[in-house]
Amino acid sequence: PKEPTYGRLPLQLPIHCAFNPYLEGEAAAEERQRLQKKLQAGVAGVYLQIGTDTVKLAEGLDFLRNCTKGADQLQLHGSVLLPTRKLLAQMTFRPWSGVVLSKK
């Protein structure tokens, strides 16, 4: 198949995906299966979901490391949540989809 073009140059945009290491049980297994498929498809990077469980984050990073052994370099993107009173109140009342914060 012919590569998509923009004007006369081939269009080569890096594709990134999202990964939520904070899920549990069957949802976590499904999330990891989907991530493996995306990595096999050749994504250039992974955006990590915001969360507060450092153990699950470490497990998710280990999983990523194991999935990408011997592969080209993968960009990894994360965020730091700066908890203002207003944001914490909002997250308690109406949290962002997929974000799980501890009660602490």
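Counting begins at 1 with the first residue of the sequence. Only heavy atoms go into these numbers, but all of them, side chains included; no hydrogens, no water, no symmetry mates.
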Side chain to side chain contact (heavy atoms under 4.5 Å, CB included) between Gln49 and Phe19, worked out
CA-CA 6 Å; Gln49 178 65 282; Phe19 173 57; over 6 Å; no
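- Residue Leu64 holds its CG atom at 10.0 Å from CD of Gln36, rounded to the nearest 0.5 Å.
- Leu57 and Tyr47 are not part of a single hydrophobic cluster, where members link through side-chain heavy atoms under 4.5 Å apart.
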Using the side chain to side chain contact (heavy atoms under 4.5 Å, CB included) rule, take Glu31 and Tyr22 through it: C-alpha gap first, then chi angles, then the decisive distance, then the call.
CA-CA 10 Å; Glu31 180 78 354; Tyr22 304 104; over 6 Å; no
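- Contact of the Val43 side chain with the His16 side chain is not registered, since no non-hydrogen atoms from C-beta on lie closer than 4.5 Å.
- Leu61 and Leu39 fall within a single hydrophobic cluster, where Ile, Leu, Val, Met, Phe, Trp and Tyr are joined by side-chain heavy atoms under 4.5 Å apart, directly or via other members.
- The shortest side-chain heavy-atom distance between Asp62 and Arg65 falls under the 4.5 Å cut-off.
- Rounding to the nearest 0.5 Å gives a distance of 9.5 Å between NE2 of His77 and SG of Cys17.
- Taking each heavy atom of Lys56 and Leu23 in turn, the nearest pair found is NZ-O, 3.9 Å.
- With rounding to the nearest 0.5 angstrom, the CG atom of Leu35 is 13.5 Å from the CD atom of Glu30.
- Counting all heavy atoms, side chain and backbone alike, Pro14 lies closest to Ala44 at CB-CB, 3.7 Å.
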